[in-house]
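The structure appears right after this line, and notes come after that.
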Amino acid sequence: MMRLTTLDLISAVMHRPRRRLDFAIILHLSRVPDSAALEAGALSARREFPSTAAVLHDKQWQPSDVPGILFITSTEGDHAGLISQFVNSWWDIRATPSVQQLVLVPRNAGGAMLVTRFHHAATDGLGALLWLQHQLEVVNGSRAARKDVATYEPPLLQQHKSPQGRSAFAFRGPADRLRVSRGASGMRRWRTIAIGMAPLQEAVTRGGDDCTYNDLLATCALETFRLWNHSERIGLWFPINIRQNAGDGFGNGSSRIRVYNRYAPSASLREKSKVVREQIDWSRGHGEWAVPNLPWLMKLPESVLRPLLRLYFNRPWVDMGTGTFSHVQRSPLDAPAFDGVTKIDIVGMLDKRHALGLFAMSRAGTTFLTFVYDPARLDEEAVTRLIGIYQSQLASAL
């Protein structure tokens, strides 16, 4: 048995059809991997990270014989439909382990798509990349497959002596939601764009070191939401890594801060990015991200814990921002294990209060930015327009 952490428990309890706390990483590979090697790599990764070979039982991870890794090779048909069905199917982690995977090999494509789905009760985006790195290193022979099961060790998290749960830059009430006319469905669709990093990084650093490439991407997200809404109360739900050692530890090592458009609309994009950097630094320094240690949660029966947590997190006045922005820049993605990756789709989590989230990962000089949206609230035309607004912001930075 492996006891859940506070973050694990919250993610497990809050997982619902319209608030799915799972995510998928789709790696487009230049070559078709050997299926036996992939299976061996997956088995080794499950032994290295034992919570991914377990199901949830009484607030603990219990080892399971259920094969959570599904290998489906398809040479023809609707590949996009198969992936969508896989990513959007309901997931009961009491019956199925916290990592699922499938492989698609389109006819005459010369490559494959490795689709891996992770439940947030077991890990975050960085942990997911550590899992995939382990699997792919076994595939390419640079790592020996693990034969024994490792000891379960969740990542050590940062602490703050006197955290402030509300940003000094926050509005009086919650930020405006994205302007849409229909209710949430719990389904996800996505579109990914590739962004060349070098010219944008040069544009940012040309003016000094008071903001970063990441700040620029986040500012473009704020501006996209602002221009779409035609309103001035825009906020980002902004996940951050809170591990004591930023690159270590499979599991849940992320929390969130909130970032707002607290700048003049007429300011340059770089000036706006400086304001975003100021907010991120304030929130990090004042502990807006801090996760309280609540050992009493583990003592409550699930029949009491479930409605209590849902009531707390679903309070209508809680500021969830206009949408999510996340960017993984320093990660294992530049390791040799990922050399055959030509594209990455990140199908992130959508809260029922979010119609759109922007999820990015960078490797080898390219940022892959995925627009994840609820198709009941935004149609293809609307998403195309939103992507166009974002790209026009990037162009203005140059």
Side-chain angles (χ1 to χ4, degrees), residues 1-24 49-64 66 68 87-100 117-128 152 154-155 157 163 165 174 184-188 237 239-240 242 249-258 288-321 324 326 347-354 357 374:
M1 290 281 195
M2 299 163 278
R3 184 169 293 277
L4 274 68
T5 67
T6 300
L7 283 173
D8 298 343
L9 181 61
I10 291 171
S11 297
V13 169
M14 296 304 295
H15 180 61
R16 302 182 74 181
R18 288 200 302 155
R19 190 176 192 166
R20 301 188 182 202
L21 293 179
D22 61 81
F23 60 97
F49 309 114
S51 62
T52 64
V55 294
L56 183 63
H57 177 71
D58 193 24
K59 306 188 193 75
Q60 299 185 83
W61 292 115
Q62 178 176 326
S64 170
V66 176
V87 168
N88 284 306
S89 61
W90 176 245
W91 192 348
D92 182 1
I93 54 174
R94 288 167 175 77
T96 305
S98 58
V99 176
Q100 299 179 344
R117 193 178 177 196
F118 298 87
H119 201 288
H120 196 35
T123 193
D124 56 12
L126 177 59
Y152 173 68
L157 305 182
S185 69
M187 302 296 287
R188 288 170 293 186
W237 186 259
I240 62 170
I242 60 169
F250 178 88
N252 273 315
S254 64
S255 184
R256 59 91 192 102
I257 60 175
R258 285 157 289 205
E288 187 191 352
W289 44 266
V291 178
N293 184 21
L294 303 173
W296 56 268
L297 282 179
M298 297 296 182
K299 300 178 182 178
L300 292 176
E302 192 167 328
S303 59
V304 175
L305 178 64
R306 187 176 297 274
L308 183 65
L309 281 180
R310 288 179 175 174
L311 181 66
Y312 178 78
F313 284 105
N314 287 328
R315 293 167 296 164
W317 58 86
V318 172
D319 186 4
M320 296 291 295
T324 302
S326 173
V347 188
M349 299 172 289
L350 278 187
D351 187 85
K352 65 181 181 181
R353 285 176 276 193
H354 292 159
D374 185 334

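When a residue number appears, it is its place in the shown sequence, counting from 1.
Nearest heavy atoms, Pro155 versus Gly251: CD-CA, 3.9 Å. For the pair Trp289 and Ile242, the tightest heavy-atom approach, listed with the atom from each and the gap, is CE3-CG2, 3.8 Å. When all heavy atoms of His120 and Ser11 are compared, the closest pair comes out as CD2-OG, 3.4 Å. For the residue pair Thr5 and Pro154, the shortest heavy atom distance occurs at CG2-CB, 3.7 Å. Contact between Asp8 and Trp61 at its shortest, heavy atoms only, is OD2-NE1, 4.2 Å.
At least one side-chain heavy atom of Thr52 sits less than 4.5 Å from a side-chain heavy atom of Phe250. Thr324 has its side chain within reach of Pro239: a pair of non-hydrogen atoms, C-beta onward, lies under 4.5 Å apart. Using a 4.5 Å heavy-atom cutoff, the side chains of Leu4 and Leu56 are in contact.
Note: Leu9 CG to Arg306 CZ = 9.0 Å, rounded to the nearest 0.5 Å. Distance check: Arg20 CZ to Trp90 CH2 gives 6.5 Å after rounding to the nearest 0.5 Å. A distance of 6.0 Å separates CG in Leu21 from CE in Met349, rounded to the nearest 0.5 Å. Separating the CG atom in Asn252 from the CG atom in Leu157 is a distance of 8.5 Å, to the nearest 0.5 Å. Once rounded to the nearest 0.5 Å, the distance linking OG of Ser51 with CD1 of Ile93 reads 10.5 Å. We find the CZ-NE2 distance between Arg94 and His57 to be 10.5 Å, quoted to the nearest 0.5 Å.
Ring planes of Trp91 and His119: perpendicular class, angle over 60° (limits at 30 and 60°).
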(Q) Does Phe23 form a side chain to side chain contact (heavy atoms under 4.5 Å, CB included) with Arg117? I'd like the steps, not just the answer. (A) CA-CA 6 Å; Phe23 60 97; Arg117 193 178 177 196; over 6 Å; no
Inset, instruction - For side chain to side chain contact (heavy atoms under 4.5 Å, CB included), just list the numbers for Gln100 and Asp22, CA-CA rounded to whole Å, side-chain angles, deciding distance to a tenth of an Å, and then say yes or no. - result: CA-CA 11 Å; Gln100 299 179 344; Asp22 61 81; over 6 Å; no
Report task. Report the C-alpha separation of Asp124 and Leu7 in whole Å, then their side-chain angles, then the decisive distance to 0.1 Å, and conclude whether the side chain to side chain contact (heavy atoms under 4.5 Å, CB included) test is met. Result -> CA-CA 10 Å; Asp124 56 12; Leu7 283 173; over 6 Å; no
*Full working for side chain to side chain contact (heavy atoms under 4.5 Å, CB included) between Gln60 and Met2*: CA-CA 5 Å; Gln60 299 185 83; Met2 299 163 278; over 6 Å; no
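The pair Asp351-Arg353 meets the salt-bridge criterion, with a side-chain N (NZ, NE, NH1 or NH2) lying under 4.0 Å from an Asp/Glu carboxylate O.
In the displayed structure, Arg16 atom CZ is contacted under 6.0 Å by at most 12 heavy atoms of other residues, nucleotides or ligands.
Here the side chain of Arg188 pairs no donor or acceptor atom with the backbone of Asn88 at under 3.5 angstrom.
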